[in-house]
Student: 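The structure follows.
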Amino acid sequence: MHSLSVAEMAEALSQGQCTSEELTQVFLERIAQFDAELNSLITVDPDSALEQARAADTRRRSGEAGPLTGVPMIHKDIFLTAGQRTTCGSRMLGNFVPPFDATIVERCAAAGLVTLGKANMDEFAMGSSNETSYFGPVRNPWDPARVPGGSSGGSAAAIAARLAPLATGSDTGGSIRQPAALCGITGLKPTYGRVSRYGMIAFASSLDQAGVFGRDAQDCALLLEAMAGFDPRDSTSVDHPVPHYAGTLTNPLTGLRIGIPAEFFGAGLEPAVASAVESALKVFESLGATLHPVQLPNLGLSVPTYYTLAPAEASSNLSRFDGVRYGHRCENPVNLEDLYKRSRGEGFGAEVKRRIMIGTYVLSAGYYDAYYLKAQRCRRLITEDFRRVFEEVDVLAGPTAPEVAFRLGEKTDDPVKMYLSDINTIAVNLAGLPGLSLPAGFVDDLPVGLQLIGPHFEEGRLLNMAHQFQRETDWHRRHPTAFA
Ligand code: GLN
């Protein structure tokens, strides 16, 4: 049952071949069996999951079910869940129990989805390997000596090991697409503003976007449809109708113009990854699309631009964690300053502190023009590059990550090396565009991800392309044998 697609699970539920309670039980048992090794979940609440499942079964019996009613899922632990601990991977929020649900959590519940638990993640979503979590690293199901990618590494590893069929994630600079690639699953970061950020703990607010993970594009389409749409509680959410994504998956790709940015194939790209991606692109040609070389000349600025702007925003967002209003408070403070210093010093891990220091520095009076303002200008140049290429082509494609999953500890001593893991994903956030990663091959039994990037609000086109590709290939159906 755990290897069915979400569409197949929904069919089985509606035919009465199984109940949500049975399905939920299957996944809870898999979590109990396998998650000690993977560490993909921070919190699991079997009683609450089974209660939600029984409610979904009742709803189905009374004829009020939607397509996802009774299907289990997990939420990244960055999304607030009322009454259930939400840690953001940090000691700072180690015991934080939110009083309300994030909008997307609320919408998933309204669709009848059953929450199994909360997924592990890099602390405050800062990382590319899921090694900065206060709750310990997540391991990659394809090779537990390797990282699952980050920061939504728990969500991606859990889907790859089939501990859940669906998960939410957040993507500020690649945190959905990069772990999707490294774990061999499908992940979509929507257009900035497509999905509400209300109740998603803020990292860098002008870049953060909530999105979805599934094993294939159809599963992602179903979940995105349930979550997307305007939310008056998020001032950056856009009032733009939500298409029926699952209804356009089989549109033909004839005549589709796919741009191949030369910059995605430069130095640093593992040759075996490049050749897997090149073979995958041929599948699109066989489906009637055409490939066009294009250029994004300012793409090289994206990593330094991001690592100026994201820490700047983070330093401001994370100032709310002061030991007074939320989260961890030190023991016996002698005065207010001591309370701030020790609460923050104890509550945050090394990577978060590094970002706060960089962010505070680039925003300080003497350096604002030299760093922050300059980075804002670079952001505009990068955005213009995309605008220009989308006059010539319909979508862009290239490798999601420059290499396959790396070993735990391999990059932890060298932050810059770690930051370069997101070299192909970061520019998409700077421009607010939708991006999708799908499984496109293997190198030494480790998955390779192909990234598709579209113009604003073209999630439907990306899902359509991914679905057509997945009808021709079986990369997305492979699974790690140790988690059969
Ligand atoms: N790896 C990037 C960072 O560390 C992106 C993280 C993300 O998308 N949340 O900031």
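All residue numbers in this chain count up from 1 along the given sequence. Counting starts at 1 for both ligands and their atoms, following the listed order. Atoms considered below: every heavy atom in the structure, side chains included; atoms not considered: hydrogens, waters and symmetry mates. The structure displayed is predicted, hence computed values, not measured ones.
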Student: Within a 6.0 Å radius of atom OH on Y326, are there more than 12 heavy atoms belonging to other residues, nucleotides or ligands?
Tutor: no

Student: Can H240 and F457 be said to form a ring-ring contact (aromatic ring centres under 6.0 Å, His included), step by step?
Tutor: CA-CA 9 Å; H240 197 72; F457 295 103; 4.3 Å; yes

Student: Would you mind checking if R355 and E313 are paired as a salt bridge, meaning a charged N to carboxylate O distance below 4.0 Å?
Tutor: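 Salt bridge absent between E313 and R355.
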
Student: Relative to each other, are the rings of F483 and F34 parallel, tilted or perpendicular (30° and 60° limits)?
Tutor: perpendicular

Student: Could you tell me, atom by atom, which parts of ligand 1 come under 4.0 Å of a heavy atom of S151?
Tutor: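 So the atoms of ligand 1 that pass are 9 (N).
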
Student: Below the 3.5 angstrom mark, is there an N/O of G150, backbone or side chain, next to an N/O of ligand 1?
Tutor: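 No.
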
Student: Could you identify the single nearest non-hydrogen protein atom to atom 9 (N) of ligand 1 and state the distance to 0.1 Å?
Tutor: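 Ranking protein heavy atoms by distance from atom 9 (N) of ligand 1, first comes S175 OG, 2.7 Å.
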
Student: How far is atom 4 (O) of ligand 1 from its nearest protein heavy atom, and which residue and atom is that?
Tutor: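 Its nearest protein heavy-atom neighbour is R355 NH2, 2.7 Å.
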
Student: Quick one: are the ring centres of W475 and F469 less than 6.0 Å apart?
Tutor: no

Student: Strictly under 6.0 Å, is that where the ring centroids of F100 and Y198 end up?
Tutor: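 Centroid separation for F100 and Y198: below 6.0 Å.
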
Student: With a cut-off of 4.0 Å, which atoms of ligand 1 are near a heavy atom of G173?
Tutor: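 Numbered from 1, ligand 1 contributes 5 (C), 7 (C), 8 (O).
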
Student: With a 4.0 Å cut-off on heavy atoms, does A310 reach ligand 1?
Tutor: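 No; A310 lies far enough from ligand 1 that no heavy-atom distance drops under 4.0 Å.
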
Student: M126 heavy atoms, cut-off 4.0 Å: which ligand 1 atoms fall inside?
Tutor: 4 (O)

Student: Using a 4.0 Å heavy-atom cut-off, say whether Y307 meets ligand 1 through its side chain, its backbone, both or neither.
Tutor: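 The answer is the side chain.
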
Student: Is the closest N or O pair between G127 and ligand 1 shorter than 3.5 Å?
Tutor: yes

Student: Would you mind checking which non-hydrogen protein atom is closest to atom 1 (N) of ligand 1, with the distance to 0.1 Å?
Tutor: D422 OD2, 2.4 Å

Student: Using the ring of each side chain (for Trp, its six-membered ring), is Y307 parallel, tilted or perpendicular to Y419, with breaks at 30° and 60°?
Tutor: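 Parallel, since the angle between the ring planes stays under 30°.
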
Student: Excluding sequence neighbours, so at least two apart, what forms salt bridge (Lys or Arg N to Asp or Glu O under 4.0 Å) with D122?
Tutor: none

Student: Please list, chain by chain and in numerical order, all residues satisfying side-chain contact (heavy atoms from CB on, under 4.5 Å) with R85, sequence neighbours excluded.
Tutor: I42, T43, T87, F135

Student: Checking contacts here: is it the side chain or the backbone of Y419 that comes within 4.0 Å of ligand 1, counting heavy atoms only? Could be both or neither.
Tutor: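 Looking at Y419 and ligand 1, no heavy atom falls under 4.0 Å.
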
Student: Specify side chain, backbone, both or neither for A125, according to which of its non-hydrogen atoms lie closer than 4.0 Å to ligand 1.
Tutor: both

Student: In this structure, is the centre-to-centre distance between the rings of Y367 and Y372 below 6.0 Å?
Tutor: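 No, the ring of Y372 stays outside the 6.0 Å limit from the ring of Y367, centre to centre.
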
Student: Given that the side chain starts at C-beta and the backbone is N, CA, C, O, which of these parts of K76 lies under 4.0 Å from ligand 1, counting heavy atoms, or is it both or neither?
Tutor: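 Neither part.
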
Student: Is Y306 near ligand 1, meaning one of its heavy atoms is under 4.0 Å from it?
Tutor: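 True for this residue.
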
Student: Considering only heavy atoms of D171, which atoms of ligand 1 have at least one such atom less than 4.0 Å away?
Tutor: 8 (O)

